[in-house]
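This structure is a prediction, so every number in the text was calculated from the model and none was measured. When a ligand or atom number is given, it counts from 1 through the structure's own listing order.
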Amino acid sequence: MKFGGTSVADTERLNRVAARLIERAKSGDDVVAVVSAMGKVTDDLITQAEQITPSPSKRELDMLLSTGEQVTIALLAMAIQQQGYEAISFTGSQVGIVTDAVYSKARIVRIDAACVLTALAQKKIVIVAGFQGRTLDGQITTLGRGGSDTTAVALAAGIKADACEIYSDVDGIYSADPRIVSKARKIDYVSYEEMLEMASSGAGVLAMRSVEFARNFDVVMHCRSSFAPSDQMGTIVTGEDSNMEDAVVSAVTHDTGEAKITIRGVPDRPGVAATVFDILGQNNVNVDMIIQNVSDAGLTDISFTVPEADINSVSSALEIAMKEIGARTWNIDKDIAKVSIVGAGMKTHPGITARMFKTLADKGINIDIISTSPIRVSCIIAADQTEEAVRALHTAFELDLDD
Ligand code: ASP
Ligand code: MG
């Protein structure tokens, strides 16, 4: 059972989570809880670091951020003990979550959950800090924002849990962000593939890596609300099966957390793109969409999008790349948004892309970059048109709940 930051935001909520865990343990289940930092603690820690330096050492930043979850696990264990049940907390490192050495977005390479199984056998509720691990030589790492979801899925796989329940302040996955689209509908079942596309295109409920992990290790994820009663249905993320409706479009997602980089005056010869993206890759920048314009007099422009959080790494990488390829200038545009439509049925239905473009055109929304996968179409548009675009697409693809 994984509880996100809002679910453990203060001591009163911690007590409620504790009660919920005890209730489950008393029903006969072995219970492992994975928790996030309380409320906005991770954001606050990042702000504090930024007040000291604009580009903190990545090792020290992970050292700092991992403390957020450590506070939660200790307090939650105390809350459970205070309510008369046995509990023990572990950090990611203690629980044997071994990662690679890429600070701030480390990947889990191994889990040795022996201490979890031992504590469960002693009938204790086990509390594990989300979002963190350690390298083979003992350095503290974090798994990227939202990484507690990944901890939960990885642990569930590691101990062969029957279920992996992800509790947050929303009661499931919606066909669009309900704060923007009042007629958004809750989705009961969604496949790993669709969920991966939704998570990578902005659906905030689950971290993308956690879904990847779930698919690779066949862990069924159950997204539920920590504030609703325990019989509330939520959303189940699982492999494709017959009782899933094959909707042409299941969801409209958006992401305003990316920035667009344009490199101008790039010599149009083989190997240039390889050089640029190789250097970005070496700096661990996750490039999303790419567009290269037709060349004019042997020079071309390349635009691509990256997470805003990666902008520091992009700058240093591009300084190197620009010299190597002899390009003219580059600039960043942060006022962009990505809107996407996702649906497994898209594979077999022609005309979906055209309908998306037409819908945006009718609203006078200009499309800057386009990218597609077999089950997703994404467009980069101006940030201030995001909400209008999402609402129009939700209506156009007949996702609105009947009033
Ligand atoms: N506390 C971390 C974050 O805010 C990890 C998580 O909550 O999943 O990103
Ligand atoms: Mg989260």
Side-chain angles (χ1 to χ4, degrees), residues 1-10 13-14 17 32-50 56 58-76 89-95 97 99 102-108 111 127-134 140-157 164-170 173 195-196 198-200 202-214 219 221-227 237 255-258 284 286 307-310:
M1 298 167 76
K2 180 260 173 180
F3 292 86
T6 323
S7 311
V8 294
D10 51 39
R13 288 185 184 179
L14 275 173
V17 169
V32 180
V34 171
V35 286
S36 295
M38 293 167 73
K40 295 257 164 285
V41 163
T42 308
D43 290 332
D44 294 344
L45 291 171
I46 292 174
T47 308
Q48 274 182 287
E50 280 170 350
K58 291 195 164 167
R59 178 189 185 276
E60 302 311 330
L61 191 58
D62 278 11
M63 189 65 97
L64 178 70
L65 297 190
S66 67
T67 61
E69 273 68 12
Q70 198 168 335
V71 170
T72 324
I73 56 169
L75 290 175
L76 183 56
S89 69
F90 295 112
T91 64
S93 171
Q94 283 179 311
V95 97
I97 296 181
T99 71
V102 183
Y103 293 114
S104 85
K105 43 176 123 163
R107 277 182 179 274
I108 297 175
I111 290 196
I127 321 281
V128 178
F131 175 58
Q132 52 176 260
R134 67 164 166 85
I140 303 286
T141 52
T142 67
L143 310 178
R145 298 306 306 269
S148 299
D149 293 344
T150 312
T151 305
V153 175
L155 257 185
C164 179
E165 300 179 355
I166 308 280
Y167 290 85
S168 68
D169 52 347
V170 292
I173 312 289
M195 195 59 234
L196 269 177
M198 285 162 65
S200 73
V205 180
L206 292 175
M208 186 170 97
R209 287 243 182 111
S210 71
V211 184
E212 232 168 35
F213 219 103
V219 176
M221 297 175 85
H222 192 173
C223 304
R224 313 176 65 178
S225 161
S226 32
F227 304 110
V237 188
D255 184 356
T256 49
E258 292 196 357
N284 286 302
N286 259 328
E308 272 182 37
D310 282 359

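- In this structure, Gln132 contributes its side chain and Ser66 its backbone to a donor-acceptor pair below 3.5 Å.
- Arg59 is linked by a salt bridge (charged side-chain N to carboxylate O under 4.0 Å, His left out) to nothing, counting only residues two or more places apart in sequence or in another chain.
- Not a single heavy atom of Gly68 sits less than 4.0 Å from an atom of ligand 1.
- Some N or O of Thr42 is nearer than 3.5 Å to an N or O of ligand 1, by distance alone.
- Residues that satisfy the side chain to side chain contact (heavy atoms under 4.5 Å, CB included) test with Val41, not counting sequence neighbours, are Ala37, Met38, Leu45.
- Listed by number with element, the atoms of ligand 1 under 4.0 Å from a non-hydrogen atom of Arg145 are 3 (C), 4 (O), 9 (O).
- In this structure, Thr151 contributes its side chain and Phe131 its backbone to a donor-acceptor pair below 3.5 Å.
- At least one N or O atom of Gly146, backbone or side chain, sits closer than 3.5 Å to an N or O atom of ligand 1.
- Residue-to-ligand polar distances place Ser36 within reach of ligand 1: an N/O pair is separated by less than 3.5 Å.
- Remark: the backbone N or O of Asp43 is paired with a side-chain donor or acceptor of Thr47 at under 3.5 angstrom.
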